[in-house]
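Each remark here refers to the structure printed beneath this line.
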Amino acid sequence: QQPVQSPQAVILREGEDAVINCSSSKALYSVHWYRQKHGEAPVFLMILLKGGEQKGHEKISASFNEKKQQSSLYLTASQLSYSGTYFCGTEAAGSGGSNYKLTFGKGTLLTVNP
Amino acid sequence: SQTIHQWPATLVQPVGSPLSLECTVEGTSNPNLYWYRQAAGRGLQLLFYSVGIGQISSEVPQNLSASRPQDRQFILSSKKLLLSDSGFYLCAWSGPGQGAVGYTFGSGTRLTVV
């Protein structure tokens, strides 16, 4: 089942912060985050595994609450280059971490203006 | 280093014509391979995945098929295209085994069926 992302779109000024949420109705083994620029392929940002971990990638970090089956992506002090569509992809628990069947949300369009 | 090649980049095909999209991966062995389709506003839809030569799992029943004739080659085909087959097709790969790595996507094929 497709995870639900919120918000659908967000507009920021350079330097502002944003949070993108991803929630699933199923127990999760892992959550992936990707960014896609217009007309390009999605690019992997980070993966969070079962265990409630938190990760960071430059000024972009994420958390995974396995009990709530939710993940959040935090963008701090946004830059123009952060603009794009952000997708979460979820792998269901019980798959044994086989990394098959990653189900993606519909995406969150982030626009960073000067 | 690993690279993924996908071609063609764009394709315009008439309804009822056949389709063949090819994807190859270099620099790795026994990758998991995926075909996704992206329609506007609907995120990334998993079409097929493969964990080995000749092993294809279908996620969406439709007039598309996939084949993996070699370890690092993944082909998406159709005998007769429908208008609804239009979209952005993405091939991706991930490392075999446990799911602790992200997907790497090809540059995509934008298919327009007319």
Side-chain angles (χ1 to χ4, degrees), chain A residues 1-9 20 22 24 28-51 53 55 57 60 62 64 71 73 84-109, chain B residues 2-7 9-10 21 23 25 28 30-52 55-60 66 68 74 87-112:
Chain A
Q1 194 164 354
Q2 189 176 38
V4 177
Q5 286 186 236
S6 63
Q8 291 184 330
I20 299 172
C22 174
S24 174
L28 299 176
Y29 176 82
S30 69
V31 179
H32 296 217
W33 285 97
Y34 295 80
R35 176 171 61 208
Q36 184 179 30
K37 302 277 187 179
H38 182 68
E40 299 179 5
V43 173
F44 173 70
L45 294 176
M46 65 189 77
I47 181 173
L48 299 105
L49 301 177
K50 181 179 177 181
E53 66 175 331
K55 278 194 172 180
H57 176 77
I60 301 174
F64 176 28
S71 178
L73 186 71
T85 301
Y86 289 79
F87 292 96
C88 69
T90 57
E91 183 184 2
S95 64
S98 57
N99 208 24
Y100 313 149
K101 300 181 66 171
L102 201 61
T103 304
F104 287 89
K106 290 186 177 182
T108 296
L109 178 61
Chain B
Q2 301 94 350
T3 55
I4 179 169
H5 303 280
Q6 188 181 341
W7 67 93
T10 58
L21 303 180
C23 172
V25 180
T28 187
N30 195 29
N32 297 332
L33 296 172
Y34 311 87
W35 279 110
Y36 280 86
R37 178 169 60 198
Q38 187 173 31
R42 298 196 65 178
L44 295 154
Q45 180 187 33
L46 178 62
L47 301 176
F48 301 95
Y49 66 93
S50 172
V51 301
Q55 300 178 60
I56 309 293
S57 295
S58 174
E59 288 297 299
V60 183
R68 185 170 177 173
F74 205 22
F88 191 41
Y89 288 81
L90 290 156
C91 179
W93 77 272
S94 69
Q98 295 302 305
V101 293
Y103 288 13
T104 300
F105 285 87
S107 53
T109 296
R110 193 162 301 280
L111 172 67
T112 304

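The sequence lines fix the lettering, A, B, ..., with proteins before strands; numbering per chain opens at 1.
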A:Gln8 portion near chain B, given a 4.5 angstrom heavy-atom threshold: neither
Interface moiety of A:Gln5 toward chain B, non-hydrogen atoms closer than 4.5 Å: neither
For A:Ala41 and B:Gly106, which heavy atoms make the closest approach, and how far apart are they? CB-O, 2.8 Å
Answer with yes or no after comparing the ring centroid distance for B:Phe105 and A:Phe44 against a 6.0 Å cut-off, counting only values under it. no
Atom pair CG (A:Leu102) and OH (B:Tyr49), whose distance is rounded to the nearest 0.5 Å: 12.0 Å
Report the distance from atom CG of B:Leu44 to atom CD of A:Gln2, rounding to the nearest 0.5 Å. 9.5 Å
Without swapping roles, check the side chain of A:Tyr34 against the backbone of B:Tyr103 for a donor-acceptor pair under 3.5 Å. yes
Using non-hydrogen atoms only, which part of B:Gln38 is less than 4.5 Å away from chain A: side chain, backbone, both, or neither? side chain
